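Nothing here was measured: the structure is a model prediction, and the numbers come from that model. Naming: A, B, ... by sequence-line order, numbering from 1 per chain.
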There are 2 protein chains.
Amino acid sequence: MSQADTVTRILDSAEELFAEKGFAETSLRMITTRAKVNLAAVNYHFGSKKDLIQAVFARFLSPFCSKLDKELTVMAAANTEPDLRDVLDVLARTMLTGVHSTVGTRKLSVFMRLLGLAYTQAQGHLRRFLKENYHETYSRFILYLRAAHPELSPREIFWRIHFAIGACVFTMSSIEVLRDMSMADTGEDSGVEDVMNQLIPFLAAALER
Amino acid sequence: MSQADTVTRILDSAEELFAEKGFAETSLRMITTRAKVNLAAVNYHFGSKKDLIQAVFARFLSPFCSKLDKELTVMAAANTEPDLRDVLDVLARTMLTGVHSTVGTRKLSVFMRLLGLAYTQAQGHLRRFLKENYHETYSRFILYLRAAHPELSPREIFWRIHFAIGACVFTMSSIEVLRDMSMADTGEDSGVEDVMNQLIPFLAAALER
DNA sequence: GATTGTTTAAAACGACCGTTTAAAACGAGA
DNA sequence: TCTCGTTTTAAACGGTCGTTTTAAACAATC
């Protein structure tokens, strides 16, 4: 087994388990067992559990953000005055293509769940790491949102977009629970795609009102 | 120190710490140290950590749900055909009065954060506990929502209301982080009330579209 | 094929976890 | 005041955690 294999297998297992259980509830022993590597491999290749957490985020956020950056540039070049739909379309398309990442397909729910963890379970080290590495792209995205709605104050833009993020992240974070509840309530199963198809108009209505 | 004191102090500390850090990241030693009681007191009075978690939820959900039940009855008696605003008003008012609970004032953000944990960190035992004890009130609330919008399918109602819950829970759960980010982005501080004042029209627009 | 640097392996470390035990302290009723 | 059930205390238990250590296995260079 090559080094790349070991590192990748650890990242894969860690990503799955973090998304499923959170950081504290996932032990290095679970990760290394699932990855079929030795326990010490995590500390050897990554240094510590904290560094592993950061590496998991880096692996999907770095390609995602550079893709988003490129797409924003394309958008800005094509259209002198991008409206809200344009900006959100760029985000949505980048997310969907970013999900089908370099190595196979990453589930959208895993992506969302990790994003949710970043907000709700981020200890100091992760928050600092994310800000340091991805704040630039984030600011740029927000800037285009502002440009699309110059009549709204920056504060209004900020909060509306974070309400929307909340609806997405919460929904996708607890998608299994919610699907169970929906099943119990309505008697019908809701596929993840059904949910997305309802979520998008919901968000559009809330953002554009 | 009386028994009631000990039990209450444990619940207070546990509630704060759970809301701040989550379940796994909060140890019984942290709780008992903050509560200034002996470590064994938790197992003596509650049985186990799981039982303590359930007790924390029971303490704020039980009064909340019985209040909500009463208010729903009042609403149903006063108005033969309650519309969406009526139903949501009942919920909002119950939440705000429920927050100022029997013992002092509980922060709204703590209430929301616990609600968020129930969705995103609930292990089997907590999920079962919540369903067993509070599912009845929940169903009744959903029923009124359906009656208010009979043209929408139960599935649509279910998902819209949970998207809305997501926006609330996420926002209030990470309110500190978000206020920091907003400050860094816009240069202006957003008070919690400002945020609420923007959240409500956002949700109304999304639900009623 | 010996040597060197890299990666894997097994075992152990100290720390902290939730829980249990057994004795001490307490408080109300006889 | 003595008693007896309740509550608090201090100490210990077994177990799991993240991390470290030491040696073995491996791969590339000469």
- Is the closest side-chain donor-acceptor distance between B/S182 and B/S190 under 3.5 Å? yes

- Task: Check whether any side-chain N or O of B/H45 sits under 4.0 Å from OP1 or OP2 of D/dT6, and answer yes or no.
- Result: no

- Look at the side chain of B/L28 and decide which nucleotide, out of C/dG18, D/dT19, D/dA10, has an atom nearest to it. C/dG18

- B/F46 CZ - C/dT19 P separation (whole Å): 13 Å

- A/A40, nearest nucleotide to its side chain (from C/dA12, D/dT6, D/dT21): D/dT21

- Task: Find the distance A/K49:NZ to D/dT16:C1' and express it as a whole number of Å.
- Result: 12 Å

- Query: Of the nucleotides D/dC17, C/dT19, C/dT8, which has the atom closest to the A/N38 side chain?
  - Reply: C/dT8

- On DNA chain C, more 5' by nearest nucleotide between A/A41 and B/K50 is A/A41

- Query: Any idea how A/F111 and A/F60 line up, ring-wise: parallel (<30°), tilted (30 to 60°), or perpendicular (>60°)?
  - Reply: perpendicular

- Message: It should be established whether B/T6 places a side-chain nitrogen or oxygen under 4.0 Å from OP1 or OP2 of nucleotide D/dT8.
- Response: yes

- Task: State, without any angle test, whether B/D86 and B/Y144 hold a side-chain donor-acceptor pair at a distance under 3.5 Å.
- Result: no

- Query: Which part of the nucleic acid does B/T26 contact within heavy-atom distance under 4.0 Å: base, sugar-phosphate only, or nothing?
  - Reply: sugar-phosphate

- Query: What integer distance in Å separates A/L39:CG from C/dT8:C1'?
  - Reply: 12 Å

- Message: How many whole angstroms separate atom OH of B/Y44 from atom C1' of C/dG18?
- Response: 19 Å

- Message: Just the rounded figure in Å: distance from P of C/dC17 to CD of A/E25.
- Response: 14 Å

- Would you mind reading off the distance between A/N43 atom CG and C/dA11 atom C1', rounded to a whole angstrom? 15 Å

- With the threshold set at 4.0 Å, does a side-chain nitrogen-carboxylate oxygen contact exist between B/D12 and B/R34? no

- Task: Go through B/Y119 and A/F170 one step at a time and tell me if the ring-ring contact (aromatic ring centres under 6.0 Å, His included) criterion holds.
- Result: CA-CA 8 Å; B/Y119 280 93; A/F170 171 88; 4.9 Å; yes

- From D/dC17, C/dT7, C/dT19, pick the nucleotide closest to the side chain of A/M30? D/dC17

- Reckon B/S27 has a side-chain N or O less than 4.0 Å from the OP1 or OP2 of C/dC17? yes

- Query: In whole angstrom, what separates A/I10's CD1 from C/dT7's P?
  - Reply: 12 Å

- Note on the structure: Separation of C/dC16 atom C1' from B/I31 atom CD1, nearest Å, is 15 Å

